[in-house]
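Position 1 is the first residue of the sequence; numbering continues from there.
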Amino acid sequence: QWYKPIYKSPLYPSLQIFGIISGVFLLFIMGKLAFFAILAIAVPGFFLYLFYSRHKTTRKGVIGVRGKRNDLISEVAEKESQPNNKVYSFDVSGDAQVVVGLFGREKSPEVLVEMGAAMVEHTHLEVAQILELPEQTDLHDVVEEPRLMRSLRRRIIAMAHEKNESVTFDLVPSHDVARTVFEISQRLHCKWLLIEWGGRSRGSLTFHNPIGWLKSHLHCNLATFKDTGVRYIRKIVLLINNDVNDTLVLETADHLAQIYNADITLSKYVPNKAKDKEDQLKIINLLGDRLKTVNKSRLVSGHDELESILDITCEYDLLILGSCDHTLMDSLRGTFGDKLISQASCSVLAVHAASH
């Protein structure tokens with residue numbers, strides 16, 4: 001996030017593709033000697049890194065940071081096996097049921113904090129402003145908050161006083177955002193981690209979601225929130241997917257409906273030609289019986305699942321759904337949930353149960 005280049009290559013990416021193709025073509029023209037020279041350099045270099053260098057460096061690079069982080073899992077297992085060892089390496093003040101993670105690119109941080117306050121139900125809320133720094137910058141060099149963060153701190157604290165909420169705002173410098181998020185999830189008193197995530201209609205070659213693979217490895221529940229400008233939540237719709245997150249979706253919706261005094265509608269998509277619509281409706285009604293809030297059931301039918309669900313979002317103020325795990329290919333092409341979140345007409349809260 002700290003990297004903000006001021007130069008943009010002309011004709012991107014055509015010029016780069018041309019450079020790659022022409023470079024490979026030149027190697028063929030140079031003949032076998034060029035390939036033998038490359039092998040003579042690359043093979044010893046690979047084994048030197050494999051058996052020596054990778055054990056001597058802590059830097060991971062873009063692929064290491066954005067990819068699978070099995071190193072974090074192994075580190076936690078090692079620390080937990082040793083008494084008197086902390087599981088996390090940084091300190092933020094106080095205990096909190098919900099930690100709101102801010103990464104500096106939120107469109108509506110104050111609304112995100114308000115949603116976090118509703119989820120904690122007047123217990124303590126912690127706002128962690130994660131400031132990503134270059135690896136060559138010492139974390140202790142951050143003495144003063146940037147101006148924008150000081151302004152945000154002032155607004156959030158003022159909002160907390162106005163609404164009589166207990167909120168702590170902490171600046172957390174980090175070289176590795178994913179590691180910091182993972183360490184926050186290790187805190188046993190943290191039940192929820194709440195971040196802003198607007199989804200995307202299609203994938204890309206970079207991963208804009210700061211959670212990524214860690215989503216399914218956090219030790220607390222994860223909630224991602226997209227704000228569409230809705231300020232009064234009176235009608236909440238749930239999307240039932242028949243997966244492990246349905247229970248969490250029901251509990252979260254029931255709690256928020258009581259806080260906002262809102263109506264709940266349980267919905268599920270079924271294709272037009274489905275023959276078990278009555279059975280599906282009965283299943284939804286049984287789930288509704290588990291809620292304390294009065295609720296209604298609704299089947300969503302159509303030829304296209306995404307378009308059918310998007311059509312009903314204009315009738316509600318908040319959509320709550322389960323956030324599923326995703327593979328590398330899902331990240332590249334965009335998941336169904338990402339597309340739904342990015343195109344929904346109402347605000348969206350996607351929840352993911354903690355891993356155990």
Side-chain angles (χ1 to χ4, degrees), residues 1 62-63 65-69 100-109 111-112 115-116 130 177-178 181-182 185 192-218 220-230 236-246 248-249 252-253 267-269 271 300 302-355:
Q1 297 179 45
V62 174
I63 295 177
V65 169
R66 298 290 186 176
K68 288 188 175 183
R69 299 301 300 273
V100 177
L102 301 179
F103 301 94
R105 294 183 177 179
E106 289 77 15
K107 294 181 179 178
S108 50
V111 175
L112 186 67
M115 177 58 68
I130 301 174
V177 171
V181 171
F182 184 78
S185 77
W192 284 97
L193 174 67
L194 175 65
I195 66 171
E196 181 179 293
W197 173 239
R200 56 175 178 260
S201 57
R202 58 182 178 181
S204 64
L205 295 180
T206 58
F207 304 98
H208 301 292
N209 188 344
I211 302 301
W213 172 78
L214 290 177
K215 180 171 71 171
S216 59
H217 294 79
L218 293 174
C220 62
N221 298 327
L222 172 68
T224 59
F225 180 67
K226 177 200 172 185
D227 175 39
T228 56
V230 177
I236 299 175
V237 59
L238 315 187
L239 183 61
I240 303 300
N241 290 321
N242 294 337
D243 60 24
V244 295
N245 289 311
D246 280 350
L248 189 61
V249 168
T252 305
S267 68
K268 180 174 173 51
Y269 172 79
V300 182
H303 297 291
D304 185 280
E305 181 178 3
L306 178 62
E307 289 299 325
S308 300
I309 297 173
L310 288 174
D311 282 342
I312 72 166
T313 58
C314 62
E315 304 174 23
Y316 300 92
D317 305 313
L318 178 66
L319 167 66
I320 302 180
L321 69 156
S323 176
C324 300
D325 299 337
H326 62 273
T327 64
L328 176 62
M329 290 306 298
D330 290 330
S331 299
L332 293 176
R333 67 190 177 211
T335 65
F336 175 85
D338 284 339
K339 296 172 184 177
L340 179 57
I341 292 170
S342 67
Q343 300 177 51
S345 302
C346 62
S347 297
V348 183
L349 184 68
V351 299
H352 193 286
S355 62

How far does CG of Leu193 sit from SG of Cys220, to the nearest 0.5 angstrom? 5.0 Å
Could you tell me whether a side-chain N or O of Tyr269 sits under 3.5 Å from a main-chain N or O of Gly302, the two making a donor and an acceptor? yes
With side chains defined as the heavy atoms from C-beta onward, is the minimum distance between Asn221 and Val351 less than 4.5 Å? no
Is there a side-chain contact between Asn241 and Phe336 (heavy atoms, below 4.5 Å)? no
A side-chain contact here means heavy atoms from C-beta on lying under 4.5 Å apart; do Leu321 and Val249 qualify? no
Taking the side chain as C-beta and beyond, is there a heavy-atom pair between Gln343 and Leu306 under 4.5 Å? yes
Are the side chains of Lys268 and Asn242 in contact, using a 4.5 Å heavy-atom criterion? yes
Can you check whether Leu194 reaches Leu349 side chain to side chain, under 4.5 Å on heavy atoms? yes
Would you call Leu318 and Ser347 a side-chain contact if the rule is heavy atoms closer than 4.5 Å? yes
Roughly how far, to the nearest 0.5 Å, is OG of Ser323 from CG of Asp338? 8.0 Å
Could you grab the distance from atom NZ of Lys107 to atom CG of Asp227, nearest 0.5 Å is fine? 10.0 Å
Return yes if some donor-acceptor pair links the side-chain N/O of Asp311 with the main-chain N/O of Ser308 below 3.5 Å, else return no. no
